[in-house]
Amino acid sequence: RRRPVERARVQARRDSRPRLEQLETRLLLTTFTVDSVDDESDKAPGDNVCATDAGVCTLRAAIQEANAVPGKDTIKFTVASIKPSSKLPNIRDSVIIDGHQGAGRTELDGSNAGPDVDGFFFLATAAGSEVKGMVINQFGDNAIVLYGGNHLIEDNYLGTDVTGTAQLLGGAEMCMP
């Protein structure tokens with residue numbers, strides 16, 4: 001039989017055990033780094049890994065992952081120029097597209113994408129997106145189309161070469177319908 005003091009100690013030990021509390025759901029923002037000039041799709045959109053069947057991250061795959069993963073993700077680049085072979089996916093979720101690379105910018109060249117194709121097309125659900133440090137040229141239609149609001153478009157060259165001094169045909173406009 002336990003003495004009253006000993007029972008109090010046992011009860012105190014039980015009360016001092018750590019208790020687990022449920023935490024709120026948190027979104028982890030992801031950075032997808034485009035490391036290939038290829039134009040293949042992501043092999044498993046929504047797995048939070050930008051990778052084609054070849055194991056590289058293309059711009060198309062990065063957009064697909066950013067669309068599939070909730071939260072404002074970032075797309076960065078280690079390649080200087082990308083030439084998509086067809087229309088890129090519409091951007092459906094807020095994203096930061098940051099083409100800055102040291103002192104330079106990343107070029108998105110639409111000369112192989114086909115006629116009447118826009119560069120980046122942001123749906124209203126992608127409000128609050130950002131595009132910076134990009135050179136967008138030679139698309140059959142607009143360089144950037146923005147639906148929704150509160151976008152930040154800064155430090156880009158639209159419709160020029162990478163130096164920003166020579167005009168190129170196509171993709172020189174930004175459209176906000």
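Pairs passing the disulfide (SG to SG under 2.5 Å) check and including a residue from residues 72-143, sequence neighbours excluded, do not occur. The list of disulfide (SG to SG under 2.5 Å) pairs with a residue in residues 31-117, not counting sequence neighbours, reads Cys50-Cys57. The stretch residues 65-151 participates, sequence neighbours left out, in no disulfide (SG to SG under 2.5 Å) pair at all. Every pair tested for disulfide (SG to SG under 2.5 Å) that includes a residue from residues 60-167 fails, sequence neighbours excluded, so the list is empty.
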**Study point:** Glu130/Ile97 under side chain to side chain contact (heavy atoms under 4.5 Å, CB included): CA gap, chis, key distance, verdict
**Key:** CA-CA 6 Å; Glu130 302 176 26; Ile97 299 175; over 6 Å; no
Practice item. Output, in order, the C-alpha distance, side-chain angles, deciding distance and verdict of salt bridge (charged side-chain N to carboxylate O under 4.0 Å, His left out) for Arg105 and Asp155. Key: CA-CA 9 Å; Arg105 292 173 176 78; Asp155 197 26; 2.4 Å; yes
Check your understanding: Yes or no on side chain to side chain contact (heavy atoms under 4.5 Å, CB included) for Ile144 and Phe139, after CA distance, side-chain angles and deciding distance?
Key -> CA-CA 10 Å; Ile144 302 173; Phe139 279 90; over 6 Å; no
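In terms of hydrophobic clustering, with Ile, Leu, Val, Met, Phe, Trp and Tyr side chains grouped at heavy-atom distances under 4.5 Å, Leu108 and Ile153 are assigned to a common cluster. Met176 and Ile91 fall within the same hydrophobic cluster, where Ile, Leu, Val, Met, Phe, Trp and Tyr residues are linked whenever their side-chain heavy atoms come under 4.5 Å apart, directly or through other members. Under a hydrophobic-cluster definition in which Ile, Leu, Val, Met, Phe, Trp and Tyr are linked whenever side-chain heavy atoms come within less than 4.5 Å, directly or via other members, Met134 and Val145 are assigned to different clusters. Leu146 and Val135 fall into different hydrophobic clusters, where Ile, Leu, Val, Met, Phe, Trp and Tyr side chains are chained together by heavy-atom contacts under 4.5 Å.
Qualifying side-chain contact (heavy atoms from CB on, under 4.5 Å) partners for Thr52, counting only residues two or more places apart in sequence or in other chains: Glu40, Ala54, Val56, Thr58, Ala61. With sequence neighbours excluded, the residues that form a side-chain hydrogen bond (donor to acceptor under 3.5 Å, both in side chains) with Thr163 are Asp161, Thr165. Applying the side-chain hydrogen bond (donor to acceptor under 3.5 Å, both in side chains) criterion to Glu65, with sequence neighbours excluded, gives no partner residue. Not counting sequence neighbours, the partners of Thr31 by the side-chain contact (heavy atoms from CB on, under 4.5 Å) test are Thr33, Thr74, Lys76. For Gln167, there are no side-chain contact (heavy atoms from CB on, under 4.5 Å) partners, not counting sequence neighbours. Residues passing the side-chain hydrogen bond (donor to acceptor under 3.5 Å, both in side chains) test with Asn90, sequence neighbours excluded: Lys87.
Contact of the Ile75 side chain with the Ile63 side chain is registered, since non-hydrogen atoms from C-beta on lie closer than 4.5 Å. In this structure, Lys132 and Ile96 have side chains that are in contact, with non-hydrogen atoms separated by less than 4.5 Å.
In this structure, Asp73 contributes its side chain and Thr30 its backbone to a donor-acceptor pair below 3.5 Å. Within the 3.5 Å criterion, the main-chain N or O of Leu158 finds no donor-acceptor partner in the side chain of Asn156. Remark: the backbone N or O of Ala126 is paired with a side-chain donor or acceptor of Ser129 at under 3.5 angstrom. Looking at Asn150, its side chain never comes within 3.5 Å of a backbone N or O of Ala127 through a donor-acceptor pair. Of the possible polar contacts, none joining the Arg92 side chain to the Ala66 backbone as a donor-acceptor pair under 3.5 Å is found.
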Return all side-chain donor-acceptor pairs below 3.5 angstrom for residues 77-85, not counting sequence neighbours, or 'none' if the list is empty.
from, atom 1, to, atom 2, distance (Å)
Thr78, OG1, Val34, O, 3.2
Ser81, OG, Glu107, OE1, 2.9
Ser85, OG, Asp39, OD2, 2.8

Side chains of residues 112-123: which donor-acceptor pairs under 3.5 Å do they make with residues two or more places apart or in other chains?
from, atom 1, to, atom 2, distance (Å)
Asp118, OD1, Asn142, N, 2.9
Asp118, OD1, Asn142, ND2, 3.3

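Scanning both residues, Asp42 and Gln64, for their nearest heavy atoms gives N-OE1, 2.6 Å. Smallest separation of non-hydrogen atoms from Pro89 and Arg60: CD-NH1, 3.6 Å. When all heavy atoms are compared, the tightest approach of Thr160 to Gly164 is OG1-CA, 3.4 Å.
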